[in-house]
Amino acid sequence: MPPASRIQSSLLTKAKSLTDFDALVDLANSTTLQNYSPDVLEVFLHHLRPELITLPASANASRGEIELAALRVRSGSFCATQGLCTVMLRGCSRIATPYREASVQTLLSHLDAIIAWFTHIISLPDWLWIGINDWNVKDPNRICLTLRALTDFDSRLERAIYSLPCVPDIVLSAYNLRDAEGMPYLTFVDFFHSCPIVSLFSIFPYYDGPRQMLFDILCEPTPIAERLRLTLVESTTGRFNRLGELDRKTIEAQLLHERSDVENSLTVAESVMLYLVNLWQSVEDICSYSTIMLAAHLNSNFLVSVIRTLETWLIKRSNHNEPGDKKLRIAILQILPKALDLLQSGASVRGQQCIRTMAQIVDEGGLVAIITEMMESVSTKDERWPVLLGLLGRFKSLSLYPTPSMKVVRSLQSLRGQQLFKTDFLRGKGHERYWTVMTTDIHTASASAVACRRAVHLCDNLKCVLYLSTNKRPSSRTCSGCRAVVYCSQACQVLDWNEQHREECRQARADYYDLAQDKMHYPQRLRDFHTRYIHAKAGSDLDMSMADTKKKSPRIIVLDTWESSAYTFKEYPYHHRLDITPRKPRATGPVHYFDERAGKILREFSQQGGAKRGVFIVEGIFQYGEKEVFVMVKLHEVTAATAYRSGEYTIASSVVRIGPARVSPPGKTEASLRARARL
């Protein structure tokens, strides 16, 4: 008996009728690998004929027209999704199936009609489909699952589908489609390792043709493309928000819905972990290929939603007894550094966007609570420690700015009270000193942000003596030619122009606009803050090394990632960056304006006695998006009360340079982090 005879011909005949929807459902449910024949595929394609794609002109059409259109849409939607999936996933699931090749050829010949039906279903007006209660016509999960099944079924179908110009529109529309409550579709019913909508969307950046078509739609300089980008970001943000709102019982009920293999199903934590990883990967890929999409994400509440959802599943809905909980925590720990990297990479796109967004995710997203929880649960012997150490470094570097530092301190105080510097809650995890350094530095930055509102002396005239003679805040005068140097008075500006700036102004202007991109990329108020921070941070470091410094040779204090380092002038490891050789004249030729000024400070330090005359040099390197800010501050030891003092040292002068971020060498040790110092 041929396999096709096992499905009754009467069922095949009934299934072709528009009015017998139950027969279609029975046909799909009864089809197996053993009884499948091309007649089954023919029935499903019968309802996908192009001539059936007709709609009434409006909701005012006759009742008969609307009912007929609804019947066609219901049958077409079922056959285009459930029916075709039945053929590919059950009827022809094995490569050696007798009818597989014939089914592939049939699908190829009807592919245009199938795709046309997908486009038709996605664009259906609400007044038509919302009344069909027995079948969710516009379920994007089914549409995307079918497209994935078609591309996986045969390589010829994959090439044909990805070459169609309308497929990116279908994928974007399915991704952006909202349910009756106005929320993006998010369900764990029939969830097998990935969400079909997110999975299909994340595939596009990996194929040259589809990626180009997708970005042609999203990145055009038109109002329509701008609205589409906004909708896409809102959909992604909505998915993270929706995932944070779902409770464990709801997800568990969806996972068990109509599933017989309960013992082999995923746990709630594993399902959430897979969804988070898949969704984040799709965002990371599309942002890596397009700075326009990166800016669109960073100009929204996207990162706040991501951090808030991670906090929810790490702290509020964590279940340590569930088998997949550890996998979920590892996934969250891996996503967090990538989120902060995404934030830093966007700073050069939108100026100071990273600082504002960092303050927002600390204030609204619960980032500090996540950091605290991670440090409580991960020890230095844990395999996750290198990832956590990298996360702590990113968090600390992004927090060393005025508003973020103050918000971090406020969050720490709400979590730890007045014991934010104490490490007893870590219970001997081995990273107590990291907590101490991180909280101390951020607290110092917060105090410096408040102090910056008062007087701070900034003058690029290296011979300025105003810091010794007045307690008033000097006026700030920026060079109008290069915008790269600042003076406390007109007298200092004239003196420095005659001394050196006349020769360097043009080159400084080119460098400033090339690296900074705009005049507000690194404003003077941030330079005030970083100078004040170095001033405050250096006080304890200088005090600790004072006795040794006076007995031996002068020292240069460098504020590194987790600890300060003191070098003699001969030991100073960053001369290559400044093109300076100790005790030797500089090479002739074009010199960066910053190198020349820093070189003068270093030569004065070495040749004129340095610390023997109460002069100290302190350096700090700050992450600023994709670039880094290098700040060198010259301090004087004072014996009387003067302005701008922190402890017993006052700011004499400082120089600042913005440069590309350093590349970290392999490894996560402190030595490797300190060895990065190359601009």
Side-chain angles (χ1 to χ4, degrees), residues 33 36 38 40-42 44-50 53 76-77 79-123 140-177 192-220 228 232 278 281-282 284-286 288-290 293:
L33 180 66
Y36 172 77
V40 176
L41 179 58
E42 181 185 346
F44 295 137
L45 293 176
H46 173 77
H47 293 280
L48 299 179
R49 289 171 292 163
I53 304 179
S77 172
C79 293
T81 55
Q82 192 74 19
L84 294 182
C85 283
T86 297
V87 171
M88 293 179 289
L89 301 180
R90 291 212 304 266
C92 299
S93 58
R94 297 179 184 175
I95 297 178
T97 302
Y99 299 118
R100 184 182 179 93
E101 179 60 27
S103 299
V104 171
Q105 294 297 333
T106 303
L107 288 170
L108 282 170
S109 62
H110 290 78
L111 187 59
D112 289 339
I114 295 171
I115 298 299
W117 264 95
F118 286 148
T119 304
H120 176 59
I121 294 169
I122 288 289
S123 60
N141 283 290
R142 294 195 181 99
I143 295 174
C144 294
L145 181 62
T146 306
L147 280 172
R148 283 298 310 273
L150 284 167
T151 56
D152 293 342
F153 189 56
D154 189 85
S155 59
R156 289 166 290 181
L157 282 169
E158 179 185 25
R159 290 192 296 270
I161 289 174
Y162 285 144
S163 65
L164 294 174
C166 58
V167 171
D169 285 321
I170 296 175
V171 175
L172 280 175
S173 299
Y175 189 85
N176 294 331
L177 201 62
F192 293 99
H193 300 287
S194 65
C195 168
I197 302 173
V198 177
S199 177
L200 185 63
F201 180 74
S202 64
I203 285 176
F204 269 70
Y206 291 97
Y207 294 87
D208 293 338
R211 180 177 67 243
Q212 188 60 48
M213 288 189 290
L214 182 65
F215 289 145
D216 285 345
I217 296 172
L218 290 173
C219 300
E220 289 182 349
L228 188 57
L232 178 64
N278 198 206
Q281 189 63 51
S282 67
E284 193 175 28
D285 289 340
I286 197 170
S288 66
Y289 282 107
S290 170
M293 290 306 304

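- In this structure, the separation between OG1 on T146 and CG on L89 is 8.5 Å, given to the nearest 0.5 Å.
- The distance from the CG atom of L157 to the CG atom of D152 is 10.5 Å, given to the nearest 0.5 Å.
- Between the side chains of Y36 and S103, at least one donor N or O lies within less than 3.5 Å of an accepting N or O.
- Of the possible polar contacts, one joining the R49 side chain to the H46 backbone as a donor-acceptor pair under 3.5 Å is found.
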Passes side chain to side chain contact (heavy atoms under 4.5 Å, CB included), T151 versus L200? Steps please.
CA-CA 10 Å; T151 56; L200 185 63; 5.6 Å; no

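- Contact check for L232 versus F201: side-chain heavy atoms found under the 4.5 Å cut-off.
- Contact annotation: the side chain of S202 approaches that of N278 to within less than 4.5 Å [non-hydrogen atoms, C-beta and beyond].
- Every residue two or more places apart in sequence or in another chain was checked for a ring pair (Phe, Tyr, Trp, His ring centres under 6.0 Å) with F118, and none qualifies.
- Side-chain N or O atoms of S173 include none that pairs as donor or acceptor with a backbone N or O of I170 at under 3.5 Å.
- For R156, the salt bridge (charged side-chain N to carboxylate O under 4.0 Å, His left out) test picks out E101, D154, with sequence neighbours left out.
- In this view, R211 and D208 satisfy the side-chain hydrogen bond (donor to acceptor under 3.5 Å, both in side chains) rule, not counting sequence neighbours.
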Between E284 and S288, does the side chain to side chain contact (heavy atoms under 4.5 Å, CB included) criterion hold? Intermediate values first, please.
CA-CA 6 Å; E284 193 175 28; S288 66; 5.6 Å; no

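- In this structure the side chain of L84 reaches within 4.5 angstrom of the side chain of L41, judged on heavy atoms.
- Rounded to the nearest 0.5 Å, atoms OG (S290) and CG (D285) are 12.5 Å apart.
- Between I115 and C166, the closest side-chain pair of non-hydrogen atoms falls below 4.5 Å.
- Rounding to the nearest 0.5 Å places CG of L218 at 9.5 Å from CD of E220.
- Every residue meeting the salt bridge (charged side-chain N to carboxylate O under 4.0 Å, His left out) condition with E42, not counting sequence neighbours, appears here in chain and number order: K16.
- Every pair tested for side-chain hydrogen bond (donor to acceptor under 3.5 Å, both in side chains) that includes a residue from residues 160-170 fails, sequence neighbours excluded, so the list is empty.
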Test side chain to side chain contact (heavy atoms under 4.5 Å, CB included) applied to T81 and N141, step by step:
CA-CA 9 Å; T81 55; N141 283 290; over 6 Å; no

Is there a side chain to side chain contact (heavy atoms under 4.5 Å, CB included) between T119 and I53 once you walk through the steps?
CA-CA 10 Å; T119 304; I53 304 179; over 6 Å; no

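- Judged by distance alone, with hydrogens and angles left aside, the side-chain atoms of W117 form a donor-acceptor pair with the main-chain N or O of L48 at under 3.5 Å.
- Listed by chain and number, the residues in a salt bridge (charged side-chain N to carboxylate O under 4.0 Å, His left out) with D216 amount to none (sequence neighbours excluded).
- To the nearest 0.5 Å, atom CD1 of residue I122 and atom NE2 of residue H120 are 11.5 Å apart.
- With values rounded to the nearest 0.5 angstrom, R142 atom CZ is found 7.0 Å from S77 atom OG.
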